Peer 1: 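Quick one: structure below, then a few questions.
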Amino acid sequence: MVETVQWTPQGVVMIDQTKLPRSVEFVTCKTYQEVADAIRTMVVRGAPAIGVAAAMGVALGVLQTPADRLAAEFPRICETLASTRPTAVNLFWAIDRMKRLYASLDGSAPERIRQAFVEEALLVYEEDIAINRAIGRHGAPLVPDGMSVLTHCNAGALATAGYGTALGVIRAAVEAGKKVHVFADETRPFLQGARLTVWELQQDGIPVTLITDNMAGHFLKSGRIGCVIVGADRIARNGDTANKIGTYSVAVLARENNVPFYVAAPISTLDLTLESGAQIPIEERAAEEVTHVFGVPVAPEGTAAANPAFDVTPNRYVTAIITEKGVARPPYEASLAALAKGE
Ligand code: MRU
């Protein structure tokens, strides 16, 4: 299995997702500031992976700070990591978890504090893999045998500590003996589908066909696609779902063609403080990601370009939300709250 982010004695080691698939390179972050840079520049990306990296980043920050300065430095460590990317709520979820740990260690010996932070970061990592396997178990029965699944962006092992959410459901269906073929949207402008989803499915021998984003409607109409499965960066309590830009268009096209549209995400991606998706902050990235492809201009010099990195799919287009605790169906206000409470 691909190792997306790992805690090692040398630091936090990440596969460099900006280089895939042309080369498989690893980056070692020795400080929390380097972890923050890796999140910002998308060396590591995908909501759960960002959460795991942030937890490890906070642990690194605690290790690199002399005990007598930790009380002053701890808020800065958390703030630096929290200011990297605004949309994926798993980032803030992980940092809040580390803040609660810090509060619970009040008065503990420095060595105990350091050890507790490393253990907690490793726990976040291990839990994420277990959660993804559970999402896979719940989601696999929804995947039709002998048909194609369309996915957008990369919600796979590379977007998590391992196994993946949307791709975890596909992996679990394949492990259960189903014949599954995947259509991967290339996912302009950052090409997570072309570069990452195709790469990791190929590693596992799962058949995958790359399509450009504007082909999704054509294939959804063809009758070959049994369902759409995507990940999520933040889900409001009414089920409105923020995910990679272009997801909304896919959801509308799926509805138009009577193809079920599933969101696969851990409970940590729920933001029950938000009434609806209108309150989800949408990251705006550099215009160059749109005007250029791998540094080569594809538009006249000086072209104005918009680059929202995410869009919000209204809950009415979401057939079900697959979590590690079970499958939520509409109305989501009630079903998500029940799953979050563990009912
Ligand atoms: O900008 P990215 O690559 O971090 O966006 C990733 C996505 O939109 C994923 O679909 C989402 O984080 C779910 S990952 C399991």
Side-chain angles (χ1 to χ4, degrees), residues 2 4-5 14-18 20 38-54 84-94 128-129 131-136 139 150-172 182 184-197 199-201 213 228-235 241-251 261-271 277 280-286 289-290 307-313 318 321-324:
V2 50
T4 306
V5 47
M14 302 168 183
I15 192 165
D16 187 343
Q17 301 196 34
T18 64
L20 285 171
I39 296 173
R40 194 177 299 107
T41 58
M42 294 174 70
V43 165
V44 64
R45 34 65 51 198
I50 291 171
V52 172
T84 50
R85 298 190 71 193
T87 304
V89 76
N90 307 61
L91 173 70
F92 309 102
W93 169 88
D128 188 60
I129 298 174
I131 284 168
N132 294 333
R133 291 213 173 254
I135 291 173
L150 184 131
T151 191
H152 189 74
C153 192
N154 172 267
L158 288 166
T160 62
Y163 202 67
T165 56
L167 297 193
V169 171
I170 291 167
R171 286 196 164 95
V182 178
D185 282 351
E186 69 170 346
T187 318
R188 272 281 283 156
F190 212 71
L191 302 174
Q192 289 94 331
R195 297 189 303 105
L196 308 176
T197 294
W199 183 80
E200 72 164 87
L201 290 176
D213 300 325
V228 175
I229 314 178
V230 297
D233 288 84
R234 197 185 293 225
I235 302 172
T241 297
N243 191 51
K244 179 53 53 197
I245 191 75
T247 303
Y248 172 39
S249 322
V250 174
F261 178 91
Y262 299 118
V263 171
I267 294 288
S268 56
T269 302
L270 298 183
D271 187 346
I280 299 175
I282 301 295
E283 176 183 12
E284 183 74 27
R285 295 187 63 86
E289 289 180 359
V290 176
N307 190 10
F310 303 94
D311 59 26
V312 175
T313 299
V318 181
I321 299 175
I322 307 160
T323 77
E324 71 273 29

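Just follow the structure's listing: the first ligand is 1, and inside any ligand the first atom is 1. Predicted, not measured: the structure shown is a model, and the values here were computed from it.
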Peer 1: Where does A47 meet ligand 1, judged by heavy-atom distances below 4.0 Å: at the side chain, the backbone, both, or neither?
Peer 2: both
Peer 1: In terms of side-chain heavy atoms, does T165 have a donor or acceptor partner in N132 at a distance below 3.5 Å?
Peer 2: no
Peer 1: If you count the atoms of ligand 1 from 1 in the order shown, which ones are under 4.0 Å from a heavy atom of Q192?
Peer 2: 1 (O), 2 (P), 3 (O)
Peer 1: Are I129 and T160 close enough that some pair of their side-chain heavy atoms sits under 4.5 Å apart?
Peer 2: no
Peer 1: Checking a contact table here: which protein heavy atom is nearest atom 5 (O) of ligand 1, and how many Å away?
Peer 2: K244 CE, 3.3 Å
Peer 1: Can you name the atoms of ligand 1, numbered from 1 with element, that are less than 4.0 Å from a heavy atom of A155?
Peer 2: 14 (S), 15 (C)
Peer 1: Is the closest heavy atom of C153 to ligand 1 under 4.0 Å?
Peer 2: yes
Peer 1: Counting each atom of ligand 1 from 1 as listed, which ones have a heavy atom of A232 under 4.0 Å away?
Peer 2: 11 (C), 12 (O), 13 (C)
Peer 1: Looking at F190, does the NZ or CZ of R285 lie under 6.0 angstrom from its six-membered ring centre and within 45 degrees of the ring axis?
Peer 2: yes
Peer 1: Among the heavy atoms of Q17, does any lie under 4.0 Å from an atom of ligand 1?
Peer 2: no
Peer 1: Using side-chain contact (heavy atoms from CB on, under 4.5 Å), reason through S268 and E324 one step at a time and then give a plain yes or no.
Peer 2: CA-CA 10 Å; S268 56; E324 71 273 29; 5.9 Å; no
Peer 1: For R85, which part has a heavy atom under 4.0 Å from ligand 1: side chain, backbone, both, or neither?
Peer 2: side chain
Peer 1: Begin with the C-alpha distance, continue with both residues' side-chain angles, and end with the deciding distance and a verdict on salt bridge (Lys or Arg N to Asp or Glu O under 4.0 Å) for R234 and D271.
Peer 2: CA-CA 6 Å; R234 197 185 293 225; D271 187 346; 2.7 Å; yes
Peer 1: Taking side chain as C-beta onward, heavy atoms only, is T18 less than 4.5 Å from T41?
Peer 2: no
Peer 1: Starting from atom 6 (C) of ligand 1, find the nearest protein heavy-atom neighbour and note its residue, name and distance.
Peer 2: R45 NH2, 3.5 Å
Peer 1: Consider only side-chain N and O atoms of N154 and R45, and report whether a donor and an acceptor are under 3.5 Å apart.
Peer 2: yes
Peer 1: Touching ligand 1 at all, F190? Heavy atoms, strictly under 4.0 Å?
Peer 2: no
Peer 1: Looking at side-chain heavy atoms only, is the closest gap between L150 and V228 below 4.5 Å?
Peer 2: yes
Peer 1: Are any of the side-chain heavy atoms of F310 and I245 separated by less than 4.5 Å?
Peer 2: no
Peer 1: Look at atom 14 (S) of ligand 1 and say which protein heavy atom is nearest, naming residue and atom and giving the distance to 0.1 Å.
Peer 2: A159 CB, 3.4 Å
Peer 1: Tell me whether G46 has any N or O atom under 3.5 angstrom from an N or O of ligand 1.
Peer 2: yes
Peer 1: Under a heavy-atom criterion of less than 4.0 Å, does A88 contact ligand 1?
Peer 2: no
Peer 1: What atoms of ligand 1 come closer than 4.0 angstrom to any heavy atom of T165?
Peer 2: 15 (C)
Peer 1: Is the shortest side-chain heavy-atom distance between T4 and M14 below 4.5 Å?
Peer 2: no
Peer 1: To the nearest 0.1 Å, how far is atom 8 (O) of ligand 1 from its closest protein heavy atom, and which atom is that?
Peer 2: D233 OD1, 2.8 Å
Peer 1: Report the part of P48 in contact with ligand 1, treating N, CA, C, O as backbone and CB onward as side chain, heavy atoms under 4.0 Å; options are side chain, backbone, both, neither.
Peer 2: side chain
Peer 1: Taking all non-hydrogen atoms of both residues into account, name the closest pair between I235 and A265 and its distance.
Peer 2: CD1-CB, 4.0 Å
Peer 1: Give the residue and atom name of whichever protein heavy atom lies nearest to atom 9 (C) of ligand 1, and the separation in Å to one decimal.
Peer 2: N243 OD1, 3.4 Å
